[in-house]
Amino acid sequence: MNPPADGAELPAEGSAAFQRLVEARLEKMRELGRAVELYPYSYERTHTSEQLRAAEPELTAAGAVVRVPGRIMTKRGAGKTLFAPIQDEWGRIQAYFKLDTLGEERFQRITRLIDIGDWIGVEGTLFRTRTGELTIQVTDFTFLAKAVRPLPEKYHDLSLELKSRRRHLDLVMNQESRERFKKRSAILAEVRAFFGDEEFLEVETPVLQPLYGGATARPFTTHHNALDTRLYLRIADELYLKRLIVGGLERVFEIAKDFRNEGMDRTHNPEFTMLECYAAWWDYHGMLDLTERLLRRLARRFGNDGVLTYGGHDLDFERPFARLRFMDALAERTGVDLMTLDDAGVAAIARRHGIEPRKGMGRDKILDALFGDLVEPTLVQPTFVMDHPKELSPLAKAHRRAPGLVERFELFCAGFEVANSFSELNDPFEQRRRFEAQKTLAEAGDEEAQQLDEEFLQAMELGMPPTGGMGMGIDRLVMLLVDTNNIRDVLLFPAMRPERSGGEGP
RNA sequence: GCGCCGCUAGCUCAACUGGUAGAGCAACUGACUCUUAAUCAGUAGGUUCGGGGUUCAAGUCCCUGGCGGCGUACCA
């Protein structure tokens, strides 16, 4: 038998009132500890709450004794009986405790010494109450673990902050939250299965990198003690994955965290999960087909016959996705063929649409801003936007026919970007020129400028096959599939400012 | 970054123009042998985010710091 936990206490914290709530629980735990093991090592479960519901007819007919562990969510005493829903990962099953069946000591134990929030295993047979609820008639029960802290209030939702900061509380209190994160896991599994079927090899590349590249973003920096050298947390996998293509691995993909030292809001977290894939011998058309197949498969599995409801819109992934050329979309919105205009002309059009070009914004950046304002919000149904201006895409191959453009597409759904893809630049001389240009920007103080990666260039100089590449923000994909507009809903532990007591004052 | 709003019991929220800080849930005591937001009777529970100021008097007004929400800008 365990020591009776007489010394158990929590560090002083919170108000005296809170201390008393905890103390009441500790006191009951001490008393309970004199009779039972407080922290047993395991429990033999026969069924989950879900399995009980599925197997009810057989179990009832056989009068089978089941053993189900779970957390006590409420206690409803009714004289010499007690009803208590027991919650496990899949849901709840009601347990019925009766003085007559359990005897005085065990009945007192459940009614008086065991708290809401505690874990117990109940053993008994199934029956239906008068009101029709499936219930376990408890013949015995086992104490499994103590909740020394009280559970939150039961019929109002937690604030988003508490849900995010204390995800464990959210998961205890909200079945729907548990379902959402299980769905995220299923989505990831489905994506991996898809790439397996498409004969892509899943690989892992470094998170800690001596140089960062593959995207324009500010990195996190860290330091390696033994090497006494600065390292960066990756902002993209791109350059390493392309080196694998050079090496002869023809189809690779990676699902991994990227880190970007930038603002956070409803759609941005400093660390986020990115899918990148590369296929030798493909151009962006091949990637486009792949992307469409992937999204359709996900929409069939997680939506309704290939249709996803998002923000009140029905998004149809079953039909071939719309395709739209970047410049055509802009021309349609502005009434002007912007290809024919010079920088000043483009800037003038932007001003006419309420966009004031910032200092240092090149023509292509202004086009991008215009696109973001005028076109993106209108792209509700899945739409491929194709053939972007060159300056925006330093790693993409020039368009084979249209001068000034690159072979690139982005997939938009519900007004936000889901995927981004190029015919990958594989000309090492052109790539070196573009890096040099970035280096100049960096020296001028542009923190987002990409660094010249000699290792990568040397790899490309060894010869990189024609290659298609695609990147997809997994968190946004999950947001789309679970119908939420807040990234915190799909990250178990989103980045939060550390909690601190108030400042010291002036 | 910037702007607006918020922070009161463990949780969700009240408290008028400055005038004794309240309710529900949770907790505690009691009643009830099919309850289910159980019910009924009672008890206890507060650093009103921190610091400073104005005032006879501050949850409320002012200054300042912290944290959050929403909007906005950049990034997936």
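Each chain gets a letter, A, B and so on, in the order its sequence line appears, and its residues count up from 1. Computed from a predicted structure; not experimentally measured.
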Which residue, A:Pro270 or A:Met496, contacts RNA chain B at a nucleotide closer to its 5' end, judged by nearest heavy atom?
-> A:Met496
Indicate, with a heavy-atom threshold strictly under 4.0 Å, whether A:Asp258 touches base, sugar-phosphate, or nothing.
-> nothing
The side chain of A:Lys80 lies closest to which of these nucleotides: B:rU33, B:rU12, B:rU35?
-> B:rU33
Want to know the stems of RNA chain B: at least 3 consecutive Watson-Crick or G-U pairs with distances under 3.5 Å, which are they?
-> B:1-7 with B:66-72, B:10-13 with B:22-25, B:27-31 with B:39-43, B:49-53 with B:61-65
Would you kindly check whether a donor in the side chain of A:Asn261 faces an acceptor in the base of B:rC75, or vice versa, at under 3.5 angstrom?
-> no
Do other residues, nucleotides or ligands put more than 12 heavy atoms under 6.0 Å from A:Arg192 CZ?
-> yes
Taking A:Lys75 for its side chain and A:Ile110 for its backbone only, find out whether a donor-acceptor pair lies under 3.5 Å.
-> yes
Pairs meeting criterion salt bridge (Lys or Arg N to Asp or Glu O under 4.0 Å) with involvement of residues 266-279 of chain A, two or more places apart = A:Lys257-A:Glu271
In plain terms, say whether A:Glu50 and A:Arg53 are close enough for a salt bridge, that is, a side-chain N and a carboxylate O under 4.0 Å apart.
-> no
Pairs: protein N or O with nucleotides 26-30 of chain B N or O, under 3.5 Å:
residue, atom, partner, partner atom, Å
B:rA26, OP1, A:Lys154, NZ, 2.9
B:rC28, OP1, A:Lys28, NZ, 2.2

Nearest to side-chain heavy atoms of A:Arg260, which nucleotide of B:rU35, B:rG71, B:rA76 = B:rA76
Residues in salt bridge (Lys or Arg N to Asp or Glu O under 4.0 Å) contact with A:Arg106, at least two apart in sequence or another chain | A:Asp140
For the side chain of A:Leu162, starting at C-beta, report the closest nucleotide among B:rC11, B:rC75, B:rU35.
-> B:rC11
Quick one: on RNA chain B, does A:Glu271 or A:Ala78 contact a more 5' nucleotide (nearest heavy atom)?
-> A:Ala78
Got a sec, which pairs hit salt bridge (Lys or Arg N to Asp or Glu O under 4.0 Å) with one end in residues 169-179 of chain A, sequence neighbours left out?
-> A:Arg167-A:Asp170, A:Glu176-A:Arg180
Which nucleotide, B:rG10, B:rA76, B:rA38, lies nearest any side-chain atom of A:Phe18?
-> B:rG10
Picking from B:rC34, B:rC70, B:rA76, the nucleotide nearest the side-chain atoms of A:Asn486 would be B:rC70
Residue pairs meeting salt bridge (Lys or Arg N to Asp or Glu O under 4.0 Å), one or both in residues 120-138 of chain A, sequence neighbours left out, come to A:Glu56-A:Arg128, A:Arg67-A:Glu123
Taking OP1 and OP2 of B:rU35, is either one under 4.0 Å from a side-chain nitrogen or oxygen of A:Arg130?
-> yes
Could you measure between the two C1' atoms, the one in B:rA26 and the one in B:rA37, and give it in whole Å?
-> 13 Å
Picking from B:rU33, B:rU35, B:rC75, the nucleotide nearest the side-chain atoms of A:Phe83 would be B:rU35
